[in-house]
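All values below come from the heavy atoms of this structure, side chains included, with hydrogens, waters and symmetry mates left out. Numbers for residues simply follow the sequence, beginning at 1.
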Amino acid sequence: MMMYGYNTGSMLLGLLLNIILILVVVWVAVTLLNRAGSGSSVNNERLARLEKDVEDIKQMVRDIKEKLDDI
């Protein structure tokens, strides 16, 4: 019978490729989860700015109304 030996170089290369593949998959998953989480904070900031703008506009309308009442 013929015995086949393992090529250590190809085993190490295969192991290295598997590790790199796992790291890439984990990196992609973490990146997608971070984007999903940060998207809500961006929306919250946008909503806060919009609310502030609405309050500013309301104040300007009150001021204009007071000036018109004075006239």
Side-chain angles (χ1 to χ4, degrees):
M1 273 206 239
M2 212 180 217
M3 303 266 308
Y4 293 102
Y6 288 104
N7 186 353
T8 307
S10 67
M11 284 180 53
L12 290 177
L13 182 61
L15 179 65
L16 183 63
L17 288 175
N18 285 333
I19 291 172
I20 290 172
L21 180 64
I22 291 169
L23 289 175
V24 167
V25 169
V26 168
W27 176 74
V28 167
V30 168
T31 303
L32 291 175
L33 289 174
N34 282 340
R35 280 191 183 167
S38 67
S40 62
S41 66
V42 169
N43 287 338
N44 289 340
E45 291 173 7
R46 187 178 296 166
L47 183 60
R49 281 184 286 167
L50 184 62
E51 289 174 350
K52 184 178 179 287
D53 290 343
V54 167
E55 288 300 319
D56 291 342
I57 291 171
K58 283 182 181 180
Q59 185 61 38
M60 286 177 13
V61 168
R62 286 185 203 121
D63 292 343
I64 292 171
K65 184 177 178 185
E66 287 176 7
K67 288 180 182 179
L68 287 175
D69 288 341
D70 289 343
I71 296 176

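- One distance of note links NZ of Lys65 with CG of Asp69; it measures 6.5 Å at 0.5 Å rounding.
- Not a single salt bridge (Lys or Arg N to Asp or Glu O under 4.0 Å) links Lys67 to another residue, sequence neighbours left out.
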Less than 3.5 Å apart, which donor and acceptor atoms pair up between the side chains of residues 51-61 and the rest of the protein, not counting sequence neighbours?
unit_1, atom_1, unit_2, atom_2, d
Gln59, OE1, Arg62, NH1, 3.3
Gln59, NE2, Asp63, OD1, 3.2

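- Results of the side chain to side chain contact (heavy atoms under 4.5 Å, CB included) test with Val28 over Leu32, Val26, Val25, Thr31 single out Leu32 as the only residue that passes.
- Residue Leu15 belongs to a hydrophobic cluster whose other members are Ile19, Leu23, with links defined by side-chain heavy atoms closer than 4.5 Å.
- With rounding to the nearest 0.5 Å, the separation of CG in Leu16 from CG in Leu21 is 11.5 Å.
- When hydrophobic clusters are built by joining Ile, Leu, Val, Met, Phe, Trp and Tyr residues whose side-chain heavy atoms come closer than 4.5 Å, directly or via intermediates, Ile22 is grouped together with Val30.
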